[in-house]
Amino acid sequence: MGFDDIIYLHLIQIPSGHAVSYGYLARMAGYPNHARQVGRVLKHLPQDTSLPWYRVVNAQGKISFEPESVKFKEQLSRLQAEGASIRNNRIIKPSFLG
DNA sequence: TGTGTGACCACTG
DNA sequence: ACAGTGGCCACAC
């Protein structure tokens, strides 16, 4: 079980309609200070993955893609489709940030 | 071995 | 609220 696998296991625990931060997911998996590595893992997921990568945002509650990018729009629409509460480009509750 | 990079974060002014 | 800064850690050259 490598770091990536641990992250996957915790990633799939995030309930629909919720979002967590990279740092929260890292701590959740037992790796404090590894927020950047979580970002690296998600970046390398295949395009057709079934994992809920879009439920991970940064500690400010914002999507970590350029607002005009395709990925940004996909993440936003997926979150909206699940009923995540979003105000002013920020993911609000229900979510676990920090 | 050294260096630059990044889907990050906390702190500061 | 926002930008700058320093810290963080794995990975690719």
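Quick note on labels: first sequence line is chain A, next is B, and so on, each numbered from 1. The figures that follow rest on heavy atoms only: side chains count, while hydrogens, waters and symmetry mates do not. The structure presented is a predicted model; accordingly, all values stated were derived computationally and were not measured.
In this model, a donor atom of one side chain and an acceptor atom of the other lie less than 3.5 Å apart for A:Tyr54 and A:Glu82.
Looking at heavy atoms from C-beta onward, A:His44 lies out of side-chain contact with A:Asp4 at the 4.5 angstrom threshold.
Residues A:Ala29 and A:Ile7 share a closest heavy-atom pair of CB-CD1, 3.8 Å.
If you take CD of A:Gln37 and P of B:dT5, they are 17 Å apart, rounded to a whole angstrom. B:dA7 atom P lies 10 Å from atom CD of A:Glu66, rounded to whole Å. Residue A:Arg36 contributes atom CZ, which lies 6 Å from atom C1' of B:dC8 at whole-angstrom precision. Between A:Leu42 atom CG and B:dC8 atom P there is a gap of 10 Å when expressed in whole angstrom units. A:Tyr24 has its OH atom 13 Å from the P atom of B:dA10, to the nearest Å. Summarising the geometry, the separation between CD on A:Gln60 and P on B:dA7 is reported as 15 Å, rounded to the nearest angstrom.
A 6.0 Å sphere centred on NZ of A:Lys62 holds no more than 12 heavy atoms belonging to other residues, nucleotides or ligands. Atom CG of A:Asp5 has more than 12 neighbouring heavy atoms from other residues, nucleotides or ligands inside a 6.0 Å radius.
Toward the 5′ end of DNA chain C lies the nearest nucleotide of A:Lys62, the other residue of the pair A:Lys62 and A:Asp4 mapping further downstream.
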Working for side chain to side chain contact (heavy atoms under 4.5 Å, CB included), residues A:Gln37 and A:Tyr31
CA-CA 10 Å; A:Gln37 283 58 251; A:Tyr31 289 87; over 6 Å; no
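Listed pair A:Ser21 / B:dC8 fails the phosphate criterion, with no side-chain N or O lying under 4.0 Å from OP1 or OP2.
The side chain of A:Ala59 has B:dC9 as its nearest neighbour among B:dC8, B:dA7, B:dC9.
When DNA chain C is scanned 5' to 3' for any atom under 4.0 Å from a heavy atom of chain A, the first and last hits are C:dA1 to C:dC11.
Remark: A:Lys71 qualifies as a cation-pi partner of A:Trp53 under the 6.0 Å distance and 45° angle criteria applied to the six-membered ring.
Although no hydrogens or angles enter the test, the distance criterion places a donor-acceptor pair under 3.5 Å between the side chain of A:His10 and the main chain of A:Met28.
Residue-to-nucleotide contacts include no donor-acceptor pair under 3.5 Å from the side chain of A:Arg40 to the base of B:dG6.
If you chain together hydrophobic residues whose side chains sit under 4.5 Å apart, A:Val70 and A:Ile63 never meet in one group.
Near DNA chain C, defined here as any heavy-atom distance below 4.0 Å, there are no residues from residues 69-81 of chain A.
B:dT1 is unpaired under the Watson-Crick or G-U wobble criterion, no partner having all donor-acceptor distances under 3.5 Å.
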